[in-house]
**Q** 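Let me give you the structure first, and then I'll get to my questions.
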Amino acid sequence: MVRAAWLLGHPVSHSVSPTMHNAAYRKMGLDLVYLAADVSPDRLPAAVEGLVALGFAGANVTIPHKEAAARLVGELRGAARVLRAVNTLYLEAGNLVGENTDVEGWLRSWDEQIGEELAGRRVILLGAGGAARGVFWALGSRGAGEILVMNRSHRRAAELVEELSPHYPDTHARAAVLDQDLFLNELGPECVVVNTTPVGMSPHPEASPVEWPRPLPERLIACDLIYNPLSSRFLDLPRRFEHRVMGGLGMLVHQGARAIELWTGRQPPVDVMRKATVDALRARFAG
Ligand code: NAP
């Protein structure tokens, strides 16, 4: 019998997740199909209840449902217990479980593409939304030395630091407003800078959350969560001067791969998922 896994979001029509997941299921020979449903926030509880009644194989939730879905589950696991935001749901012995695979997705992407020690690192995190919380957790779990959270709204950055930093007392965390001059003052050699804002995303690929100084700091590592376009303007200069850079595609693929592991207990073909996603993004956005 063919079963279904779902993506619940609002909107979801632009999502490449169905292409990425279905490519993996085909390669794995699973009787599983991944479908996207546009669910308005007021219908989320009914939609999740419906999936449970249908005996769904698993589900992902995306913007704007990650926090609301966390309130609907019977059990939060891993980082989701603190982040109170989930992107993955599944049933275990009749119990609805919620996890956040973005954290693992970012770390696997880092290990694959950068592969350097995060312990003791100095990190500037641009943005303080849901994705920033996941990356903060990932960095803290690897013993980052210092995290400066810079956000348009200072209040949101301060809340993130206040809420999450007590879990990682060895990481010195600070909040600041996202400001170009301040960014330049804080930037130094061996810094890791992670953009978690949507600034630079299609249809505004000419935008960047900050401008880089010249020359760039030595051994700078620049990461963006944006995968559409595949390489954002934020990464252009560091890439051109041969610094280590990481776009958002790896995180997207690995958070999906982790969800499939949770649903099936099997290892999905990450390369097949990556290729299907890149092809879909190129076709959709000519990026
Ligand atoms: P979110 O919760 O809405 O947070 C967005 C953050 O960006 C907030 O801190 C917001 O600041 C800031 N921001 C928004 N517009 C801005 C602007 N014009 N200038 C400066 N700052 C701005 O969204 P999210 O879930 O964290 O997602 C953020 C990005 O990460 C999106 O591009 C998303 O596609 C990407 N993402 C990628 C992956 C992946 O797998 N690669 C996974 C998750 C998310 P304020 O607090 O001041 O509003």
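Atoms considered below: every heavy atom in the structure, side chains included; atoms not considered: hydrogens, waters and symmetry mates. Whatever order the structure lists ligands and atoms in, that order sets their numbers, starting from 1.
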**Q** Would one find more than 12 heavy atoms of other residues, nucleotides or ligands at under 6.0 Å from atom CD of Glu206?
**A** yes
**Q** Between Lys275 and Asp279, is the closest basic N to carboxylate O distance under 4.0 Å?
**A** yes
**Q** For ligand 1, which part of Met251 has a heavy atom less than 4.0 Å away: the side chain, the backbone, both, or neither?
**A**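 Both of them.
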**Q** Only counting residues at least two apart or in another chain, list the ones meeting side chain to side chain contact (heavy atoms under 4.5 Å, CB included) with Leu54.
**A**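 Counting only residues at least two positions away or on another chain, Leu54 forms no side chain to side chain contact (heavy atoms under 4.5 Å, CB included).
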**Q** Purely on distance, is any nitrogen or oxygen of Ala132 under 3.5 Å from one on ligand 1?
**A** no
**Q** Go through ligand 1 atom by atom and flag the ones less than 4.0 Å from a non-hydrogen atom of Gly127.
**A**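 The list of qualifying atoms is 9 (O).
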**Q** Nearest to atom 27 (O) of ligand 1 by heavy atom, Gly134, Ala131, Gly250, Ala85: which?
**A**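 Minimum heavy-atom distance to atom 27 (O) of ligand 1 goes to Ala131.
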**Q** For Arg77, I'd like to know if atom CZ has over 12 heavy atoms of other residues, nucleotides or ligands within 6.0 Å.
**A**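 Above 12, so yes.
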**Q** I'd like to know if Lys66 and Glu99 make a salt bridge, using a cut-off of under 4.0 Å between side-chain N and carboxylate O.
**A**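 Salt bridge: no.
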**Q** Check this for me - ligand 1, Gly130, N or O atoms closer than 3.5 angstrom, yes or no?
**A** yes
**Q** If you measure from each non-hydrogen atom of Asn151 to ligand 1, which part falls under 4.0 Å: side chain, backbone, both or neither?
**A** side chain
**Q** At less than 4.0 angstrom from any non-hydrogen atom of Ala128, what atoms of ligand 1 do you find?
**A**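 Near Ala128, meaning under 4.0 Å from one of its heavy atoms, ligand 1 has 9 (O).
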**Q** Within a radius of less than 6.0 Å around CZ of Arg174, do more than 12 heavy atoms belonging to other residues, nucleotides or ligands occur?
**A** yes
**Q** If you measure from atom 14 (C) of ligand 1 to every heavy atom of Ala207, Pro198, Gly200, which option wins on shortest distance?
**A**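 It is Pro198 that holds the nearest heavy atom.
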**Q** For atom 37 (C) of ligand 1, state whether the nearest protein heavy atom is under 4.0 Å away.
**A** yes
**Q** Would Glu146 and Arg122 pass as an ion pair if we require N to O under 4.0 Å?
**A**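 Result for this pair is yes, salt bridge flagged.
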**Q** Under 3.5 Å, N or O to N or O, is Lys66 touching ligand 1 that way?
**A**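 Not met; the criterion fails.
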**Q** Do any nitrogen or oxygen atoms of Gly248 lie less than 3.5 angstrom from nitrogen or oxygen atoms of ligand 1?
**A** yes
**Q** Centres of the His167 and Trp137 rings: under 6.0 Å?
**A** yes
**Q** Would the Trp263 and His21 ring centres measure less than 6.0 Å apart?
**A** yes
**Q** Could you tell me the residue and atom name of the protein heavy atom closest to atom 23 (O) of ligand 1, and the distance to it rounded to 0.1 Å?
**A** Ile63 CD1, 4.3 Å
**Q** Taking N or O atoms only and a 3.5 Å limit, does Met201 qualify as a polar contact for ligand 1?
**A**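 In this structure, Met201 places no N or O atom under 3.5 Å from an N or O of ligand 1.
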**Q** For atom 35 (C) of ligand 1, what's the nearest protein heavy atom and its distance?
**A**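 Its nearest protein heavy-atom neighbour is Leu225 CB, 4.0 Å.
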**Q** Take atom CD in Glu49; do more than 12 heavy atoms of anything else shown fall under 6.0 Å from it?
**A**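 Atom CD in Glu49 is not crowded, with 12 or fewer foreign heavy atoms closer than 6.0 Å.
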**Q** Which atoms of ligand 1 sit under 4.0 Å from any heavy atom of Thr196?
**A** 28 (C), 29 (C), 30 (O)
**Q** Only heavy atoms count here, so choose which of Arg152, Glu159, Met150 is nearest to atom 18 (N) of ligand 1.
**A** Arg152
**Q** Go through the side-chain N and O atoms of Asn60 and Tyr34 and say whether any donor and acceptor fall under 3.5 Å apart.
**A**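 Short answer, yes.
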**Q** Mark up the atoms of ligand 1 that fall under 4.0 Å of a heavy atom belonging to Val199, in ascending order.
**A**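 Per the distance check, 16 (C), 17 (C), 18 (N), 19 (N), 20 (C).
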**Q** Pairs of nitrogen or oxygen atoms closer than 3.5 Å, one from Arg156 and one from ligand 1: do any exist?
**A** yes
**Q** Filter on salt bridge (Lys or Arg N to Asp or Glu O under 4.0 Å), then keep only pairs touching residues 231-250, sequence neighbours left out; what's left?
**A**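 Listed once each, the pairs are Glu116-Arg244, Glu211-Arg233.
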**Q** Given Cys223, Ser153, Ser232, Pro209, which one has a non-hydrogen atom that is nearest to atom 47 (O) of ligand 1?
**A**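 Ranked by closest heavy atom to atom 47 (O) of ligand 1, first place is Ser153.
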**Q** If you scan the protein for heavy atoms around atom 3 (O) of ligand 1, do you find one that is closer than 4.0 Å?
**A** no
